[in-house]
Amino acid sequence: MLTVITPTGGRPEGLALLAKYLNAQTVREFRWLICDDCDPASPVPHMREGITVEVIRPAWRWSEGLNTHARSLTALLARCDGPVVHCEDDDCYLPEHLATMAQALAKADLVGQRVSHYWNAATRRYKAIPGTVHASLGASSMQGRAAVVLAQICAQQQTRLDIDLWRKLVGRKQLLESVTAVGIKGLPGRGGIGVGHRLDFGEPDPDGSRLKALIGDYAANYL
């Protein structure tokens, strides 16, 4: 069965939106595995029939200034056996995202969206980064050897996880032209570690027209 993994903590608003997007997926049955390393734990909204939810509460707790992303990913990957889709707690995923990833994983061990689209809700700025050799982790999916390589990378470092995963994996991998994921930054709660969280990142999009073009009615969640 397909497993969606989400490292989270201190972002209840973002997690609630992610639950909404996962409930709308065209793939009807999958497992959602969450690692929440903050107190209090973010509530998980009701999920429709066919979605099994498991929450890991690790021994450590995040605090300001710490980067626990790799540590949480290690805990999540240790409980996965099969295809894995990484869904970040502050990103937007269109209803066909899981189906697109699952179809691509039928022919590759590592797949991801070629162009990374970012929109900052706090600054209303947008940027697209065309990928040539790697996809962002929030828009990547994996299985088999790729999941093993990511776990090894997480055990060694805290940053550049996506870049090194795509560089180090020797095997079947594919960058997809479809756009089913948009990185949303600047939401309330715990600060992010990605470049999209910078206040000067990207070009102004004050009316959200670029965002609407990417995610349609979902843009109302951020405007």
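Note that these values count all heavy atoms, side chains included, but never hydrogens, waters or copies made by symmetry. Remember, predicted model here, so these are calculated numbers, not experimental data.
N23 contributes a side-chain N or O that, together with a main-chain N or O of R48, makes up a donor-acceptor pair within less than 3.5 Å. Checked by atom type and distance alone, the side chain of R210 never pairs as donor or acceptor with a backbone atom of D207 at under 3.5 Å.
By the 4.5 Å heavy-atom criterion applied to side chains, T132 and P130 are not counted as neighbours. Within the 4.5 Å cutoff, the side chain of L137 has heavy atoms near those of the L73 side chain. Inter-residue side-chain proximity for L214 and W119 is flagged as unmet; no heavy-atom pair is nearer than 4.5 Å. By the 4.5 Å heavy-atom criterion applied to side chains, Q113 and V179 are counted as neighbours. A 4.5 Å side-chain heavy-atom check between L211 and I184 finds at least one atom pair inside the cut-off. Proximity of P83 to S141: side-chain heavy atoms (C-beta onward) are nowhere separated by under 4.5 Å. Within the 4.5 Å cutoff, no side-chain heavy atoms of C92 are placed close to those of L17. Looking at F30 and I51, their side chains come closer than 4.5 Å, going by heavy atoms from C-beta outward.
The environment of CD in E203 is sparse: at most 12 heavy-atom neighbours from other residues, nucleotides or ligands sit within 6.0 Å. Summarising the local packing, CZ of R167 is surrounded by more than 12 heavy atoms from other residues, nucleotides or ligands at distances under 6.0 Å. The number of heavy-atom neighbours closer than 6.0 Å to NZ of K20, taken from other residues, nucleotides and ligands shown, is 12 or below. Within a 6.0 Å radius of CD in Q103, no more than 12 heavy atoms belonging to other residues, nucleotides or ligands are found. Under a cut-off of 6.0 angstrom, the local environment of CD in E49 is sparse, with at most 12 non-hydrogen atoms contributed by other residues, nucleotides or ligands. For E29, the CD atom is loosely surrounded, since the number of other residues' heavy atoms within 6.0 Å does not exceed 12.
Using a 4.0 Å cut-off between charged side-chain N and carboxylate O, R57 and D39 make a salt bridge. Residues E88 and K185 are paired through a salt bridge, judged by an N-O separation under 4.0 Å between the basic side chain and the carboxylate.
Annotation for Q25 and L94: closest pair NE2-O, 2.9 Å, computed over non-hydrogen atoms. Annotation for T74 and A155: closest pair OG1-N, 4.4 Å, computed over non-hydrogen atoms. For the pair A108 and Q143, the tightest heavy-atom approach, listed with the atom from each and the gap, is O-NE2, 2.9 Å. Considering every non-hydrogen atom in both A147 and L77, the closest pair reads O-CD1, 4.1 Å. Residues C80 and I5 come closest through the heavy atom pair SG-CG2, 3.6 Å. Minimum interatomic distance between D91 and G183 (heavy atoms only, all atoms of both residues): OD1-CA, 3.2 Å.
Here the straight-line distance linking atom CG of N67 with atom OG of S72 works out to 9.5 Å at 0.5 Å rounding. In this structure, CG in L150 is found 9.0 Å from OG in S140, a value given to the nearest 0.5 Å. Of the inter-residue distances, the one linking I215 atom CD1 with Y21 atom OH reads 5.5 Å to the nearest 0.5 angstrom. Between R31 atom CZ and E54 atom CD the span is 4.0 Å, to the nearest 0.5 Å. The distance from the CD1 atom of I56 to the CZ atom of R79 is 4.0 Å, given to the nearest 0.5 Å. Taking CG of D90 as the start and CZ of R11 as the end, the distance is 4.5 Å to the nearest 0.5 Å.
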Quick one: do V85 and H97 satisfy side-chain contact (heavy atoms from CB on, under 4.5 Å)? Show the steps, please. CA-CA 9 Å; V85 179; H97 181 70; 3.9 Å; yes

Given M101 and V111, is the side-chain contact (heavy atoms from CB on, under 4.5 Å) satisfied, shown in steps? CA-CA 7 Å; M101 292 292 161; V111 301; 3.8 Å; yes

Test side-chain contact (heavy atoms from CB on, under 4.5 Å) applied to K212 and L223, step by step: CA-CA 10 Å; K212 293 173 186 175; L223 297 172; 3.5 Å; yes

L22 and Y93: CA distance, side-chain angles, deciding distance, side-chain contact (heavy atoms from CB on, under 4.5 Å) verdict: CA-CA 8 Å; L22 292 180; Y93 297 93; 5.7 Å; no

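Taking hydrophobic clusters as Ile, Leu, Val, Met, Phe, Trp and Tyr residues chained together by side-chain heavy-atom distances below 4.5 Å, I153 shares a cluster with M142. Put simply, L110 and L105 are part of two different groups of oily side chains (I, L, V, M, F, W, Y) that touch within less than 4.5 Å, one to the next. Following chains of ILVMFWY side-chain contacts shorter than 4.5 Å, one can reach M47 starting from V27, so the two form part of one hydrophobic cluster. Residues V84 and L18 are members of separate hydrophobic clusters, defined by side-chain heavy-atom contacts under 4.5 angstrom among Ile, Leu, Val, Met, Phe, Trp and Tyr. The hydrophobic clustering, which links ILVMFWY residues whose side-chain heavy atoms are closer than 4.5 Å, places V4 and V55 together.
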Pair up each side-chain donor or acceptor in residues 169-176 with any protein partner under 3.5 Å, not counting sequence neighbours, and list the distances.
from : atom 1 : to   : atom 2 : distance (Å)
R172 : NH2    : D109 : OD1    : 3.0
K173 : NZ     : W166 : O      : 2.5
K173 : NZ     : L169 : O      : 2.8

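In this pair, H117 and Y126 present their aromatic rings parallel. The plane angle is below 30°, not in the 30 to 60° band.
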